[in-house]
Amino acid sequence: MALPSQPAPHAAAPLPGGGYGRALGLLASLFFMWGFITVINNTLLPHLRSVFDLNYTQTTLIESVWFIAYFFASIPSAKLIERIGYQKSLVIGLLVMAAGAAGMTLAASIPSYGVTLVMLFVIASGITLLQVAANPYVAVIGPPATASSRLNLVQAMNSAGTMLAPLFGAYLILGRSKGGTAQGDVVLTQAERLADAQSVILPYVLVAIVLVVLAFVIARFPLPAMGTATSRVAKADRKNHSLWKHRNLVFGIPAIFIYLIAEIGVANLFVNFVSQPDIASLTHEQAGRYLTFLWGGMMVGRFAGSAIMQKIPAETVLAAFSVGAFVVMLVAVFTTGPVAMWALISVGLFHSIMFPTIFTLGIRGLGPLTEEGSGLLIMAIAGGALVVVQGWLADRYGLQTSFLLTAVCELYILFYALWGAKPTNALPDPEPVAAA
């Protein structure tokens with residue numbers, strides 16, 4: 001990654017009994033879990049569409065509520081981290097997610113569309129806290145020049161979670177429900193709706209148990225403290241620093257926002273898209289299994305991107321992947337049959353490196369403003385809430401045509417990679433994290 005000339009960072013002392021590899025490995029498990037839980041929504045949404053008889057706008061509104069949580073929870077999360085520290089915040093985030101997962105069993109028992117929305121908001125708030133803490137932590141735990149490579153590596157574990165979640169959801173949610181095993185859209189009786197709603201209980205009980213166990217492990221693990229170079233500057237000195245003088249952050253915030261519209265739109269509408277008669281004519285359960293290939297492409301792309309960015313600047317790789325994403329989205333819109341289906345699947349490969357790369361380019365050169373900049377970038381994940389716009393387009397102009405919105409999003413990412421990511425007024429790079 002091309003960086004302005006800065007003083008060489010101080011070497012970080014290794015952690016006892018395994019160095020930073022153990023800490024990164026444990027953090028990777030967090031990335032795995034929030035990826036897993038987020039993508040359960042991709043099988044949950046077509047399921048809820050059948051249970052509550054929703055149109056595309058109402059279905060994507062469920063996901064909008066999920067991402068609105070990022071907007072409302074990001075700043076409180078940053079303040080909580082500042083008050084109690086990163087490690088305790090990670091534990092609280094996991095417990096909040098566990099509480100939301102347990103609440104989903106209540107929503108399924110009633111069943112209630114409103115309670116479902118509330119519990120998804122709770123789960124997403126816990127994930128927001130994890131995101132605000134873990135992303136900047138990984139970015140500064142080693143040399144700044146390899147921050148994008150390092151974050152892509154742990155984000156590959158996030159993709160591993162997203163790859164396995166569709167199989168989990170297809171088997172335990174769609175495969176155990178009348179709406180999930182029927183061909184195409186099906187009108188359910190009241191008794192079938194109730195039975196389908198209750199198929200959600202077991203998956204979320206299992207998720208809640210795993211989250212509580214992981215919270216216990218995190219609480220007892222000796223994580224190193226964040227480096228002082230990323231700490232908030234004193235109030236007296238703060239007036240001499242402005243986040244808005246850093247072009248890479250100013251354009252990086254909308255880049256994250258717009259990228260999330262693209263990623264979430266593809267993932268959430270994938271099952272409905274490939275189930276159409278002129279695409280693949282699959283049941284929702286079968287389509288949920290193909291969703292694994294979409295997220296598997298993201299995992300492969302992140303592992304590959306991590307290696308590529310050791311030799312090629314991150315912004316160059318980002319530009320190439322955005323062009324690839326734009327091309328395959330046009331193929332998905334203007335063709336039919338297996339070609340359209342596999343074009344949509346392949347966009348996962350091109351989307352793979354976008355979030356972690358935009359994030360690390362966005363905080364590049366922020367120095368002591370890194371924590372504040374990270375919070376704003378995480379808040380921009382709320383862009384996923386605008387997937388409801390694609391739902392509106394799908395209702396009015398057709399599901400396939402609605403993916404033109406995704407293609408337009410890829411063009412902004414290309415602009416950011418070519419120009420917006422170039423840093424201005426760069427401050428000294430943060431030191432790698434020192435051992436606790």
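Judged purely by atom type and a 3.5 angstrom limit, T292 uses its side chain to pair as donor or acceptor with the backbone of R289. A donor-acceptor pair under 3.5 Å is absent between the side-chain atoms of S74 and the main chain of F71, judged by distance alone. Using a distance-only test at 3.5 Å, with no hydrogens or angles considered, a donor-acceptor pair links the side chain of N158 to the main chain of F31. At distances below 3.5 Å, not a single donor-acceptor pair connects side-chain atoms of N268 with backbone N or O atoms of V387. Although no hydrogens or angles enter the test, the distance criterion places no donor-acceptor pair under 3.5 Å between the side chain of R247 and the main chain of T424. For Q87 (side chain) and I218 (main-chain N/O), a donor-acceptor pair under 3.5 Å exists by modelled atom type. Between the side chain of Q400 and the backbone N or O of A332, at least one donor-acceptor pair lies under 3.5 Å. Looking at T360, its side chain does come within 3.5 Å of a backbone N or O of P356 through a donor-acceptor pair. A distance-only check finds a donor-acceptor pair linking the side chain of Y259 to the backbone of H351 [under 3.5 Å]. Side chain of N425 to backbone of K245: a donor-acceptor contact under 3.5 angstrom is found.
Taking the six-membered ring for Trp and thresholds of 30 and 60 degrees, F415 and F251 have ring planes more than 60 degrees apart, a perpendicular arrangement. Taking the six-membered ring for Trp and thresholds of 30 and 60 degrees, Y290 and F293 have ring planes inclined between 30 and 60 degrees apart.
A 4.5 Å side-chain heavy-atom check between W66 and I127 finds at least one atom pair inside the cut-off. Proximity of L404 to L330: side-chain heavy atoms (C-beta onward) are separated by under 4.5 Å at one or more points. When side chains are defined from C-beta on, L291 does not count as touching V274, because their heavy atoms never get closer than 4.5 Å. Contact of the S89 side chain with the I84 side chain is registered, since non-hydrogen atoms from C-beta on lie closer than 4.5 Å. By the 4.5 Å heavy-atom criterion applied to side chains, L129 and V96 are not counted as neighbours. The side-chain heavy atoms of Y70 and Q131, taken from C-beta on, include a pair separated by under 4.5 Å. Looking only at side-chain heavy atoms (C-beta outward), L130 and M33 stay at 4.5 Å or farther from each other. Between L361 and Y416 the shortest side-chain heavy-atom distance falls below 4.5 Å.
Between atom OG of residue S159 and atom CG of residue N152 there is a gap of 9.0 Å, rounded to the nearest 0.5 Å. For the atom pair CD1 (I253) and CG (N248), the distance works out to 10.0 Å, reported to the nearest 0.5 Å. Put simply, CZ on F334 and CZ on F403 are 13.0 Å apart, with the number rounded to the nearest 0.5 Å. To the nearest 0.5 Å, the span separating CG on L151 from CD1 on I358 amounts to 11.5 Å. A distance of 5.5 Å separates CD of Q390 from CG of L405, quoted to the nearest 0.5 Å. Between the CE atom of M341 and the OG atom of S281 there is a distance of 11.5 Å, given to the nearest 0.5 Å.
Counting only residues at least two apart or on different chains, no side chain to side chain donor-acceptor pair (under 3.5 Å) pair has a member in residues 316-344.
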(request) Test L376 against L243 for side-chain contact (heavy atoms from CB on, under 4.5 Å), laying out the working first. (result) CA-CA 10 Å; L376 291 174; L243 288 168; 3.7 Å; yes
(request) Verify side-chain contact (heavy atoms from CB on, under 4.5 Å) between L349 and M298, making sure each step is shown before the conclusion. (result) CA-CA 5 Å; L349 177 66; M298 292 194 76; over 6 Å; no
(request) Take F350 and V327 through the test side-chain contact (heavy atoms from CB on, under 4.5 Å) and record every step on the way to the result. (result) CA-CA 10 Å; F350 295 108; V327 170; over 6 Å; no
(request) Please test I378 against T128 for side-chain contact (heavy atoms from CB on, under 4.5 Å), starting from the C-alpha separation and ending with a verdict. (result) CA-CA 7 Å; I378 296 300; T128 302; 4.3 Å; yes
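Of all heavy-atom pairs spanning L249 and G373, the tightest one is CD1-O, 3.9 Å. Shortest non-hydrogen contact noted between I256 and I381 is CG2-N, 3.9 Å. Nearest heavy-atom pair, S77 versus V132, reported as atom, atom and distance to 0.1 Å: CB-CG2, 4.1 Å. In terms of heavy-atom proximity, N272 sits nearest to L399 at C-CD2, 3.7 Å. Annotation for F359 and L377: closest pair O-CD1, 3.7 Å, computed over non-hydrogen atoms. Residue A382 comes nearest to F257 through the heavy atom pair C-CE1, 4.1 Å, listed as atom of the first residue, atom of the second, then distance.
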